[in-house]
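Letters A, B, ... are given to chains in the order of the sequence lines, protein chains preceding strands, and every chain is numbered from 1.
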Amino acid sequence: MNEPVTTPLVAETLREYGSLTRDAIARYLPSREPRRYLYDLVADYPQRSGKMMRPSLCIATARAFGARLDDALGTAVAIELLHNALLIHDDIEDESTERRGRPTLHVLHGVPLAINAGDTLTLVSLRPLIENVNTIGPRLAFRILEEAEHMARESAEGQALELGWRRDNPMDVDAAAYLRMVLKKTCWLATIFPSRVGALIGARGRVDLEPFVRFGFFVGTAFQIQDDLLNLVGEPQRYGKEIEGDLWEGKRTLMLIHLMRALAPDEQARLSAMLSCSREERAAEQVRWVRQQMEAHGSIEYARQVAHGLAGAALHEYSLLYGHLPDSRDKQFIEGLVTWVFERT
Amino acid sequence: MSEAKPIEVAVVGGGCAGISAAFELTRPEHRGKYHVTVYQQGWRLGGKGASGRGPADRIEEHGFHVWLGFYENAFRLLRECYAELRRDPRECPFADWRDAFVPAPFVGVADHSPDGAWQSWMAHFPPVGGLPGDPLTVDNPFSVSSYLVRTASLLRTLLLACQARQGTRPDPQAAGESGSTDWLRGEGRRAPSASEITEAIARLLKYGVLATIAGVIEAARLLETVVGALARYPENIVLRLLDAIRTNAHRQIDILAEQDEEIRRLWNVIEIVLAGLRGMIRFGLAYDPRGFDVIDEYDCLEWLRLNGASERALNSGFVRGLRGLAFAYEDGDFQQPRLAAGVALRGTLRMFFTYRGALFWKMRAGMGDVVFAPYYEVLKRRGVSFKFFHRLANVRLADATRLASGERPYVEALDFDVQAQVNDGREYQPLVEIHGLPCWPAKPDYGQLVDGERLEREGWDFESFWERRKAGAKTLRVVNDFDFVVLAVGIGAIPHVCREIVARDSRWRAMVDHVKSVATQAFQVWMGEGMEELGWDYPLGSISGFTPPFDTMADMRHLIPQESWPTKPRAIAYFCGVLPDPMTPPGDAETDYPRRRRDEVRRNAIHFLNRDIGHLWPKARRGPAEFRWELLVDPAEQKSPGRDSQHDESRFESQFYTANVNPSDRYTLALPGSARHRISPLDNTYDNLTIAGDWTDCGYNSGCVEAAVMSGRLAAHALSQFPPHEDIIGYDHP
Amino acid sequence: MSLGERLRRSDPVRTAPIRTFSTTLRRPESPEGAEPGGATKPPGGRARDGSWSDVVAEGVDLAYRVIEEEIRLGQQAAEQLNRRSYAMGSDMVEAGERLVRYSADLWISWLEFAGSLARNADSLRNLSRPPEPEPARSADATAGATAVSIAITSPQPARVTLHLHPTAEGCSLAVRDLKAGDPGKPALTDVLFTPGAGGMMDLQIRVPQEQPPDLYAGLVVDQRTGQPVGTLSVQVGE
């Protein structure tokens, strides 16, 4: 059994900021009727334990740039709620059965109720951003809203790309296209937006936001690749989602893209045939074959190496971005996040 | 013999888990490497499995103890124990383990028919070759695909039973018309390809073959082949076949079921089987590395419902009986039945498909007499020390701030209450002999205890949590008094005795929050008329799924010869069920709490005998709401005949009844979502401590003897690397 | 024996049962993750000569190229949208316009919110001091203009639809570029409201020769407050 290498600072900070965010979230989750058909569903995902990386990054960046905790907490809540709302829709689109160790919302309640709950949760996540007007002033609040709108657009575009690939099953998705998709779909919500608005809050708007795109992209992509790797090789007891679910879905991961290039033509045809049928039509034997091929051609190792390389680039960007700031626990936390993405399970 | 000083192991708790650990650690193969001391509260070993001998030497148990035919570990160890004991058959009635156990093949459930009457539905489970505990012939025989094949085969059997009841003789030509499964019978029986299967299904549907029961049965045969090689076929094909079988079977059989109760019951079971098959395939249980744990977040009923079982089937006696067997009610609330689906599925498959000999095995005396007395004798011979009347009060951890760098936390000391002391510092002799059999008494032998008369007069209850009186205290320290600790107390006791660990360790906190237990109630009656006379037809039957709170009943007539009644009763019956917790839990100082609950059990039992038992024993009623109290046999009366005897419900006082409310007597539940909070005996967080019990992550995560024995063996492995994992049958199991 | 020499348990090989079905095909105690069914693995894994550092460097280079490109594209887009010719509140309008563009159901709520915030005049006034001077308001424009005269010049067939709220009455109207659903198509920029004679507003629309057929739409705003008061759309081509 692998013992995780302990970075206690990261884990502790996640726990601390996570718990603060969770407490604050409770204030925004409505507890009126209809409960059974709506508000219990709305509250479900936020109440399942998650890593709380996104809100923690927002709070830590804000504080590293000089803000108080209370200034950033509302935005952190909005980020986490928005993230959970997107998860509900993602799970439906991916036809996932499990989320954080429990059945997904649409499996528990059916797709229509789950979609409705996801939309409601989005609305709920706006409230703290509106209330920001009172805590950090209307000008900053409005800029954060703009940022959120930008992030929303990028996320929607990224999701559209991924869904489109799943529908049309292109065999020519290359690494660059994959990176662009991950940037939009994952990085904007997970790392870029939280750190940009955190910096806005901390520096009262006087900060160049462009370098955060680079930093967030590298960290977020390493995070996503690691997530995809865990789907194949993670410890089932701790992973919380269906192992090898991505293979069943035919999801374009870096491993699959590498494999597509590495296979001989007749094997490529076999892979293409498998990817072009729907999930119910796939047999376990085919999935096993893909997995074996990935191991044989080194696709898994490739992805692992690339992820580590991106983490290195992230650390470089980190020093450019945060280097001038006074030392603080929050600064160390952000730096520690880069390597933490590999240690979580 | 090893020259070095033996490693001192303190086993706290003398139930199935602790005893199994002790048995493993002191095997001759270890050559005395480990010296074990078993610390036990009160006067008898057994924990939840303890039993005693009361007036007329009658056996008094905590509840209904039956061993299932798949308890491979429990039987294996016990058989080794008996073999090592080598009792003289001329002196002792149970010299061989087969003398002590009797197969109980009649098992049944109580079904509530639409007109409100109760009916018992008994089934005879055929004996399967071999005996439990025999060496396994196949290397690790447990796999999901073999279970799938067996389940599909069972499906076919049940369908055949429906067909037989319908009166149609099975027509061997029927399915042959469409020629759909000819290739199944052909030469060179290779597994068909996916497209062949699709074709076969299409043909089955097209020619209306499934419009007859015979056709459905043929389709079920096809299913058997398919699930045996599941990896070859896309999921949707298999499910299509399954759904075709279901729809058509439903159509045929539902009509017949309206008129025939027996078919209705069969159909209920078929529905459950179909739902189980569907679920096993849909949830990919055959491929998931987590096996049946995958569905442990679901309640078993919820999961079956998700897979198409109807409410009617879920309320059938079959399902209620299975749940009753597992005491599967959270907080003892019958409105809240909860059992993790993965645990339920694993348990049901093991119970029905891997039993050896008989499905159930009953003991021919109390469990204490059959199991724990032999273990006690063997362990004593091996040099194990026993400290009775020692109740664990606290497990003390070493000061966290003083640990060396890289050192793990560990147990520094164990605090015990010494409940009583033995005269002259001697060792307590716990057993008494009855008809040549060493047994445990229902009360301690006060004569051996210091101040024994006073303790008896003052009614010190050594097994009660609320008994705070004690003779003294003792603290054991690491290095001086022990090297390793096996903590084998029940989960109910953990929050009380591991306060420090629970406070410091979030995993232990999560464990006590999620791995819950339930109190139970039980009573036993001895009667002057036999069961057949009372209207009960099944010899040695057990029935479950009956009216709460005593939803399980067992016919225990085989115990009569073991007891010492001047005039033998003609029947013995045991009843048990859950006992709901009160809204506010009792405080530690509420010394009369056990008595109050016991009174409650008496009232429940009287009410039950008046109102409900008539359904199973029609002739035991005097009127619609009155039990024939004169049936009960009173030991005091037999001792001094001629005294005035009551023939009303106060006669019940002479019987045995118990409220098992002590924390360590609570029965472990397997609630949905709780299994992942269990901790394994192998876990090495505290590097001189291991835990054992049916509440640990022992592979078969359910409250039963087998789980406890497995955990004890795992605890032994944790300390000594023996027995090897593959020796613990069923540990590696989906 | 001192506390330092106390006995410690040795670490277990594993602490959980093996539940995977492939247990039946291999000996227990072998490490998890071994291939079921005995598929042949290339010996020693797949570490190629030349090691992984080249691969990693390539990967990181590629990532840098991708991100620089994306940043550049983002800056261009920001510049295109970044024309501040109105008083404060115009940013809100722009945000609203963009939201109309790509509103999946999920994001329609943003538009509603944007509308409600836009109606909250107090907060808007605090947002910033407008750097530009307020546009001069002709006396004519205050005379309750409810009529609009539309003149459209287009080589292709074009249909104009103008919706105005009742609150548009008396407002001096303005509209910015009309954009198509497809961001690849150029916007209609030659669109202008001017105060006309007799209190009417004149709307002039000129559609260039090469304008791709599509529906081009935009918000009509009150020039003074920046609040949306209607929509204008031009259907070019069939």
inquiry  = Walk me through whether B:Phe722 and B:Tyr34 qualify under ring pair (Phe, Tyr, Trp, His ring centres under 6.0 Å).
reply    = CA-CA 12 Å; B:Phe722 195 89; B:Tyr34 301 96; over 10 Å; no
ask   = With a 4.5 angstrom heavy-atom cut-off, which part of B:Phe484 approaches chain C: side chain, backbone, both or neither?
value = side chain
note = Honestly, the part of B:Arg678 sitting under 4.5 Å from a heavy atom of chain C is neither
request  = Heavy-atom distances under 4.5 Å only: say whether B:Ser720 touches chain C with side chain, backbone, both or neither.
outcome  = neither
task = Mark yes or no for whether B:Asn701, through its side chain, and B:Gly699, through its backbone, hold a donor-acceptor pair below 3.5 Å.
result = yes
inquiry  = Applying ring-ring contact (aromatic ring centres under 6.0 Å, His included), can you list everything that pairs with B:Phe70, at least two apart in sequence or on another chain?
reply    = B:Tyr700
request  = Select, from B:Asp697, B:Leu689, B:Leu714, the one with the greatest count of heavy-atom pairs under 4.5 Å involving chain C.
outcome  = B:Leu689
task = Taking all non-hydrogen atoms of both residues into account, name the closest pair between B:Gly673 and B:Glu297 and its distance.
result = CA-OE2, 3.7 Å
